[in-house]
Amino acid sequence: MSKVIRILIAKPGLDGHDRGAKVVSRALRDEGFEVIYTGLRKTPEEIVRAAIEEDVSAIGLSILSGAHNHIFPRVIELLKQENAEDIIVFGGGIIPDEDIPALKEAGVKAIFTPGATTASIADFIREACGA
Amino acid sequence: MGERKELFKTGSGIEVKPCYTGDDPAPGLAENLGTPGGYPFTRGIQPTMYRGRFWTMRQYAGFATAEESNKRYKYLLEQGQTGISIAFDLPTQIGYDSDDAMSQGEVGKVGVAIDSLADMEVLFDGIPLDQVSVSMTINAPAAILLAFYIVVAEKQGVPPEKLNGTIQNDILKEYSARGTYIFPPAPSMRLITDIFAYCAKNVPLWNTISISGYHIREAGSTAVQEVAFTLADGIAYVEAALKAGMDIDTFAGRLSFFFNAQNNLFEEAAKYRAARRIWAKIMKDRFGAKDERSMKLRFHTQTAGASLTAQQPQCNIPRVTLQALAAVLGGTQSLHTNSYDEALALPSEDSARLALRTQQIIANESGVTDTVDPLAGSYFVESLTDEIEKAVLAYIEKIDSLGGAPAAIEQGYIQREIADSAYAWQKAVEAGEEIVVGLNKFQMEEEPVKGLLRVDPAVADRQVEKLRKLRQGRDNAAVDAALEKLREAAEKDDNLMPFIIDCARLYCTEGEIAGTLRKVFGEYHPVEIL
């Protein structure tokens, strides 16, 4: 039996819209992942620390406030500083199409925008984590 | 012949029959309805409703700096909007200045950045505050923004007794659904009752709270849960004010409400009618209100942001139209219609104008405004109104048994109910049991939408520079003294409003005032419920 994949779902910044983060957390749990949800208002530093301590394979960042261009690259930068760039970073929220190439360039592996199914997120994680 | 589904039901799970007859509404219909403007206000809070005047068309807006938002408000007023609704950025909503480390990346993004009275002066430049009603979506630091507002008006020569507007000031739904809390529940409730008491004496036309189901619904609740959790919060505020020694009829008439409008036309219209009837009975029977104004549930409505799709975004225009129609059929006092591009970004000027036009078409062209409560007497709508009332009362009873809304939130009950509904909806959409046009049916290949509004990242730098100059130019000894007095008052049980107004006058920043209160009150740390 393969090892259960651990995922951190995080709400960075000051954004309080957590419906998506909670729905994705529950759906991933039902898909057989171990999911840790950070709750609201976490700094990039807190998220990276939690990801390392919890030994997760991937971090899912949810943001709807428009702060993604600042926060997503910062999380990736901190992971590199901690030599933890093997942790996969993906994201979701209200993120304009034209911002996606730069976020991917910065190292975000996938962006899920409104309407994405939870099944597609689960499939992405399994593939990215080689499960 | 067979039917499309085995079971037809509303989003709240109320079963819908093939056909309704006169046997369906509960007995005593005439008494349950009352007359328009009469108890229990099922048919509306005024005798003439929209024959007298239309609802207030109030589009929620704000972004970047006070200068840019001021321009958008003036534009919307020129286009026939009749009230202003201020969206603040997240640092402002959580009591951080633009130069705080917590504010990075968020300044001016989801609303306008307001750091001090100086920004507020710019925000309302050329907008006469004795003529326009202003609604502010501000909760945890509502006392601070209200203080800024009172002082700006004073500088315009408008006395507080002429001010007409609303602060959201509803902390309980921040804990259960919206997330912009600062302080723990007890000091938060004290700030709210301080505002009730201060305004009852000094700002008598001000709506001191907008008890909000909107965000509860956006977070995933059903229509029934939206009304139930909102009215349960309302009960908690009334109880807090009574405990603080206020008389029910001195403040209850200034309580206002805020609901969502989703797609199910009849369930939504019935929802508003049921909410009015339940609140009237609660105020009269449970709290012994004597003044009819205390029993009238006045409400603002916004169409459902969560119903908008990023796919084929123009499909959002008919969605918003249906939702707005439900709000009007339900007798709303004011209305915000969403822009079709809001699943993608903040609305552009063009899409915001079209959203306003949608309301203007319903008001001026559809004819639904020519008679009061046109759905009254419909077997189906009356039956739905009864069913919603019954289901809401069952929830309120459950919440009472848990010790009231604050206790139910503390125990995670309300958050869990909302999260369960949100997850059930997502699963139903992914299974194709619920159809969302353009999303899981009738899809097509699309080009990315162009012309989305973007907030210039330099806004944060400009705001930080303004703050630096402000701190250099003001009387800092007076600022420190005023903050110290506020701290002392917070440690005792004085009404904090006069102290906060003194701070506002001296150009203390929002972060300094909220920071002083943070030191005394501490911060709220939620238990996460999935």
Side-chain angles (χ1 to χ4, degrees), chain A residues 9-31 35-46 62-75 92-101 112-122, chain B residues 63 89-91 93-94 96 101-111 174 177-181 215 218-220 305-306 308-311 342-346 415 418-420 422-423 425-427 429-430 436 438-440 443 447-450 452 454-455 457 460 525-530:
Chain A
I9 298 293
K11 280 295 297 179
L14 302 180
D15 178 27
H17 294 92
D18 57 359
R19 176 176 179 169
K22 286 179 171 176
V23 164
V24 168
S25 296
R26 277 175 74 157
L28 292 179
R29 241 177 231 179
D30 284 356
E31 290 268 359
V35 181
I36 300 127
Y37 171 53
T38 63
L40 300 180
R41 285 192 222 167
K42 298 299 177 244
T43 63
E45 287 77 8
E46 289 170 323
S62 165
I63 198 155
L64 289 83
S65 73
H68 49 271
N69 287 335
H70 175 81
I71 285 169
F72 286 10
R74 177 80 187 135
V75 169
I94 305 276
I95 295 168
D97 285 341
E98 56 193 47
D99 290 357
I100 293 174
F112 298 92
T113 51
T117 61
T118 55
S120 69
I121 299 171
Chain B
F63 58 98
D89 72 357
L90 286 165
Q93 293 188 49
I94 305 175
Y96 294 119
M102 290 299 286
S103 304
Q104 277 187 31
E106 308 274 14
V107 176
K109 285 281 160 60
V110 302
E174 296 296 330
R178 188 169 178 272
T180 67
Y181 40 74
H215 319 88
E218 286 294 289
L308 303 180
T309 58
Q311 295 73 25
E342 287 188 54
L344 303 160
L346 287 188
Q415 298 92 311
I418 297 171
D420 285 350
Y423 192 42
W425 169 257
Q426 179 68 26
K427 283 202 290 194
V429 170
E430 291 194 21
V436 181
L439 181 71
N440 64 0
Q443 302 101 316
E447 291 288 312
V449 178
K450 297 220 168 61
L452 296 178
R454 297 193 77 90
V455 176
H525 298 286
V527 185
E528 285 311 329
I529 310 288
L530 277 186

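Note that the structure is a prediction, hence the values are computed from the model and not measured. Residue numbers begin at 1 in each chain, while the letters A, B, ... track the order of the sequences.
- For I71(A), the part lying under 4.5 angstrom from a heavy atom of chain B is the side chain only.
- In this structure, chain B has no heavy atom under 4.5 Å from any part of A21(A).
- Between the side chain of Q311(B) and the main chain of P114(A), a donor-acceptor pair closer than 3.5 Å is present.
- By number of non-hydrogen pairs under 4.5 angstrom with chain B, the leading residue of G13(A), A119(A), P96(A), A27(A) is A27(A).
- Here CG of D15(A) is found 10.0 Å from CD of Q93(B). Values are rounded to the nearest 0.5 Å.
- For the atom pair CG of D97(A) and CD of E447(B), the computed distance is 10.5 Å after rounding to the nearest 0.5 Å.
- Within the model, atoms OH of Y96(B) and CG of L14(A) stand 7.0 Å from one another, a figure rounded to the nearest 0.5 Å.
- Side-chain contact between E106(B) and S65(A) is present, with heavy atoms from C-beta onward closer than 4.5 Å.
- Using a 4.5 Å cut-off between heavy atoms, P457(B) does not touch chain A at all.
- Counting heavy-atom pairs closer than 4.5 Å to chain A, the top-ranked of the candidates Q104(B), K109(B), E430(B) is E430(B).
- Applying the salt bridge (charged side-chain N to carboxylate O under 4.0 Å, His left out) rule to E45(A) yields the partners R74(A); only residues at least two apart in sequence or on another chain are considered.
- Between the side chain of R41(A) and the main chain of G179(B), a donor-acceptor pair closer than 3.5 Å is present.
- Residues T118(A) and Y423(B) are not in side-chain contact: their nearest non-hydrogen atoms beyond the backbone lie 4.5 Å or more apart.
- Heavy atoms closer than 4.5 Å to chain B are found in both the backbone and the side chain of T117(A).
- Counting heavy-atom pairs closer than 4.5 Å to chain A, the top residue among A219(B), P448(B), A101(B) is A219(B).
- Between chain B and the options H70(A), K22(A), H68(A), heavy-atom pairs under 4.5 Å are most frequent for H70(A).
- The side chain to side chain donor-acceptor pair (under 3.5 Å) check on S103(B) picks up nothing, with sequence neighbours excluded.
- In this structure, chain A has a heavy atom under 4.5 Å from the backbone of A345(B), while its side chain stays farther away.
- A 4.5 Å side-chain heavy-atom check between K427(B) and V23(A) finds every atom pair outside the cut-off.
- Listed here is the closest heavy atom pair of I94(A) and L344(B): CG2-O, 3.3 Å.
- For the atom pair CZ of R19(A) and CD of E218(B), the computed distance is 7.5 Å after rounding to the nearest 0.5 Å.
- With salt bridges taken as basic N to acidic carboxylate O contacts below 4.0 Å, one links R454(B) and D99(A).
- Among V455(B), L90(B), D89(B), the residue with the largest count of heavy-atom pairs under 4.5 Å with chain A is L90(B).
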